[in-house]
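The block underneath contains the structure these notes are about, expressed in structure tokens.
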Amino acid sequence: MTTTSLRTSNQTVAELLTRSNRLGADKRNTNFAGGNTSAQGTATDPVTGADTELLWVKGSGGDLGTLTEPGLAVLNVERLRALVGVYPGVEREDEMVAAFDYCLHGRGGAAPSIDTAMHGLVRAAHVDHLHPDSGIAIATAADGERLTAEIFGGAVAWVPWRRPGFQLGLDIAALHEANPTLRGVILGGHGITAWGETSEECERNSLWIIETAATYLETHGKAEPLGPIRAGYEPLEPDARRARAAALAPYLRALASHDAPQVGHFSDAPEVLDFLAREAMPRLAALGTSCPDHFLRTKVKPLVVDLPAGASLDETVAALPALHEAYRADYAAYYAAHAGPESPAMRGADPLIILVPGVGMFSYGRTKQTARVAGEFYINAINVMRGAESISTYTPISDAEKFRIEYWALEEAKLQRMPKPKPLATRIAFVTGAASGIGKAIAQRLAAEGACVVIADLSLEKAQAVADELGGPDVAVGVAADVSNEAAIQAALAEAVLAFGGVDLVVNNAGLSLSKSLLDTTEADWDLQHNVMAKGSFLVSKNFARVLIAQQLGGDIIYISSKNSVFAGPNNIAYSATKADQAHQVRLLAAELGEHGIKVNGINPDGVVRGSGIFASGWGANRAQTYGIDEQDLGAFYAQRTILKREVVPENVANAVFVLCTSDLSHTTGLHIPVDAGVAAAFLR
């Protein structure tokens, strides 16, 4: 029994969660957040004290692989089945979703999904509804009904396509009642449903349908169902492929973000590369996906950059505007052809999946997770197309039916219930020197406000550790970056755009300091500090500006400079001079990049001792010696010399970074913000 199942005292619920987690953990059975499972059993009604028959069913929006008890909707079975008597017919079946609320048992739990009727009306104790690639391949085959009879020998029935809802539940229940020996059904264009009188039997039937379909496809399918490889469309070599993907990423993100900013994900999985190289790809891609769970996340069809793999970067980039315009026009025509007076407004005409032969697939969403999942769903769709074509002809549901799902009032209501996005949602930040001190605090704050963050540091191990702390690859990634080396910066930039699709916010924070007098400062000391901070900031800004400009989304470049950029003090000639260099870079770049909507601002901290890598590496000891105090008292010393008498900590600097890149300061560029608790000698004037 899994850990999840031990969280409940009800044995029926424990079995359901165990089965759900096991089925959801294997993506051959169902996709992320796809499908639903249920179980019926008895529990004591706290009002009457009597045993009551209940249905526990995965609620709207949950994922089987991670399902826990709060993700279940709990309904009274007698009341749920009584809805059959008041069902107003298929034209008004959407009203039944609201009626589910009157069947709920107790408080809490998840909202019932549209598939609740499928689970409650079928008179079986346990029901699984899943979206396996093998099952959908049969469901989308032109002769799926004949194949279902041939493959399963009468143990599985065929249900023609019907939009999920109360009527579909009635249809499946009628089949089960007429033939109690059925183990499940193939839902045309959609997926599978199976059942059993025990949780074990239900899971066994689900897996039998999935595995039987997969075996049939393997043993009866054509060797090359997608046709031969098109000459010139073969995958590029891995290094060249990744380099081309990184170079294209900002231009493609611009296309996907025309209506609203999106985060990206890149995949060059073998299934993707093979599909893109095949003769049938243009035809199949134009047909779009079929399973509702697929196209709700991928849009009805992808944008295909149908050029040979050997096309130059310039050729490919030059082709993108016309392809994007044609895609948007096609989507607008799709909307116009099927929308009615009650339809929600068009949500945007940009692609969520972009296919580039020889390179791979770029997928997009409002978060990294949704972008990644969209890509996973399109791989599911590729597998479905391959399977259907191997034994028949891939025949997805019609565009009219896709539109009924995509712009369903119930789907719109689900979107409206989503929580308000955080201030930095869809923004991608690249922070140098982010494995400790100020940089780490900045990364933590940006991630907390909804941004995806690239942790760049000399130490890859430390950078990856911070990324893991922030939530892992759907939130943050760690990269190695020596900012004094342009090749290293370009490599880190490539990793950033492949991880998240692009970059919006660059924080030049990497730094070091050697506290020495003029006569003690060597040429090597001078070069080291200027290479890291002056030259390093220049190189980072130069390379990342190219991405910001290509994306056409504006952006922010922020320099973590210093109070010392304007304050003259003893024994830090190299450090202060390079900070002054950084400060003037802010002004120069603000003037140059403004025409692209890119804001450039700086922050001037002072005396950030706590958590600082610079102070811990010897700078603190040297400054303490300069001021004639113990090193442990340095923070308090700096605080006492300020107007506010407050110590400056890394989080104060992080707060300033956050403010600079919010919409509240959308019209501010070329500014330096002091974060020094008030040092009169460093006032900007």
Side-chain angles (χ1 to χ4, degrees), residues 250 254 257 261 423-424 426-434 438-439 442 445-446 449 451 453-454 456 483 486 489 493 496 502-511 530-567 575-606 652-676 679 682-685:
S257 302
L424 299 184
T426 74
R427 302 205 72 189
I428 302 156
F430 185 95
V431 185
T432 66
I438 292 174
I442 292 169
R445 180 65 192 272
L446 297 179
E449 299 293 349
V453 185
V454 180
V483 297
E486 187 164 24
I489 292 170
L493 171 57
V503 68
D504 303 291
L505 168 60
V506 181
V507 182
N508 279 309
N509 168 74
H530 278 71
N531 281 341
V532 172
M533 291 180 286
K535 175 186 170 184
S537 296
F538 154 70
L539 291 175
V540 168
S541 297
K542 172 187 172 182
N543 283 277
F544 278 79
R546 291 194 178 103
V547 173
L548 295 173
I549 292 168
Q551 290 175 154
Q552 303 175 42
L553 295 172
D556 288 272
I557 300 176
I558 296 176
Y559 282 65
I560 307 303
S561 184
S562 170
K563 170 267 293 181
N564 284 19
S565 65
V566 294
F567 172 81
Y575 177 81
S576 295
T578 198
K579 285 300 180 181
D581 187 311
Q582 285 186 312
H584 200 46
Q585 285 187 39
V586 167
R587 293 183 280 268
L588 294 167
L589 297 187
E592 182 173 341
L593 298 177
E595 66 177 291
H596 303 289
I598 301 168
K599 301 186 291 129
V600 186
N601 293 290
I603 296 170
N604 290 348
D606 179 45
N652 302 139
V653 183
N655 294 343
V657 171
F658 168 66
V659 170
L660 278 171
C661 58
T662 63
S663 58
D664 289 345
L665 289 184
S666 61
H667 290 58
T668 299
T669 191
L671 173 69
H672 281 278
I673 297 181
V675 182
D676 57 11
V679 177
F683 282 174
L684 300 173
R685 53 188 180 268

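Any value given below was found using the heavy atoms of this structure, including those in side chains, with hydrogens, waters and symmetry copies removed. Owing to the predicted nature of the structure, the values given are computational and were not obtained by experimental measurement.
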query = Out of Val540, Val600, Val586, which residue meets the side chain to side chain contact (heavy atoms under 4.5 Å, CB included) rule with Ile557?
reply = Val600
query = With distance as the sole criterion, is a donor-acceptor pair present between the side chains of Thr668 and Asn601 under 3.5 Å?
reply = no
request  = Would you please name every residue forming a ring pair (Phe, Tyr, Trp, His ring centres under 6.0 Å) with His672, sequence neighbours left out?
outcome  = none
message = According to salt bridge (Lys or Arg N to Asp or Glu O under 4.0 Å), who are the partners of Lys599, at least two apart in sequence or on a separate chain?
response = Asp556
ask   = In Å and rounded to the nearest 0.5 Å, what is the CG to CD1 distance from Leu548 to Ile598?
value = 4.5 Å
task = Answer yes if the side chains of Ser537 and Gln585 hold a donor-acceptor pair under 3.5 Å, and no otherwise.
result = no
query = To the nearest 0.5 Å, how far apart are CZ in Phe430 and CG in Asn508?
reply = 9.0 Å
remark   = The reported gap from CD in Glu486 to CG in Asn543 (rounded to nearest 0.5 angstrom) is 4.5 Å
inquiry  = In the structure I gave you, are the side-chain heavy atoms of Ser541 and Leu589 within less than 4.5 Å of one another anywhere?
reply    = yes
ask   = Looking at residues at least two apart in the chain, or sitting in another chain, which of them share a side-chain contact (heavy atoms from CB on, under 4.5 Å) with Ser562?
value = Asn564, Tyr575, Lys579
request  = Evaluate the side chain to side chain contact (heavy atoms under 4.5 Å, CB included) criterion for residues Asn655 and Val675: first the C-alpha distance (whole Å), next the side-chain angles of each, then the deciding distance (0.1 Å), finally the verdict.
outcome  = CA-CA 10 Å; Asn655 294 343; Val675 182; over 6 Å; no
query = Are the side chains of Leu446 and Cys661 in touch, meaning some heavy atoms are under 4.5 Å apart?
reply = yes
request  = Decide side chain to side chain contact (heavy atoms under 4.5 Å, CB included) for Leu588 and Glu592; before the verdict, give the C-alpha distance in whole Å, the side-chain angles of both, and the deciding distance to 0.1 Å.
outcome  = CA-CA 6 Å; Leu588 294 167; Glu592 182 173 341; over 6 Å; no
key: Test item: Ile560 and Val507 side chains (from C-beta on) under 4.5 Å apart, heavy atoms   = yes
Spacing of OG belonging to Ser565 relative to CG belonging to Asp606, to within rounding of 0.5 Å = 10.5 Å
query = Between Asp504 (side chain) and Gly555 (backbone), is there a donor-acceptor pair under 3.5 Å?
reply = no
request  = Side-chain contact test, heavy atoms from C-beta onward, threshold under 4.5 Å: evaluate it for Leu684 versus Pro674 and give yes or no.
outcome  = yes
key: Nearest-0.5 Å distance, OG1 of residue Thr669 to CG of residue Leu660   = 9.5 Å
note = From the list Ile558, Val431, Leu505, Ile603, side chain to side chain contact (heavy atoms under 4.5 Å, CB included) with Ile442 holds only for Val431
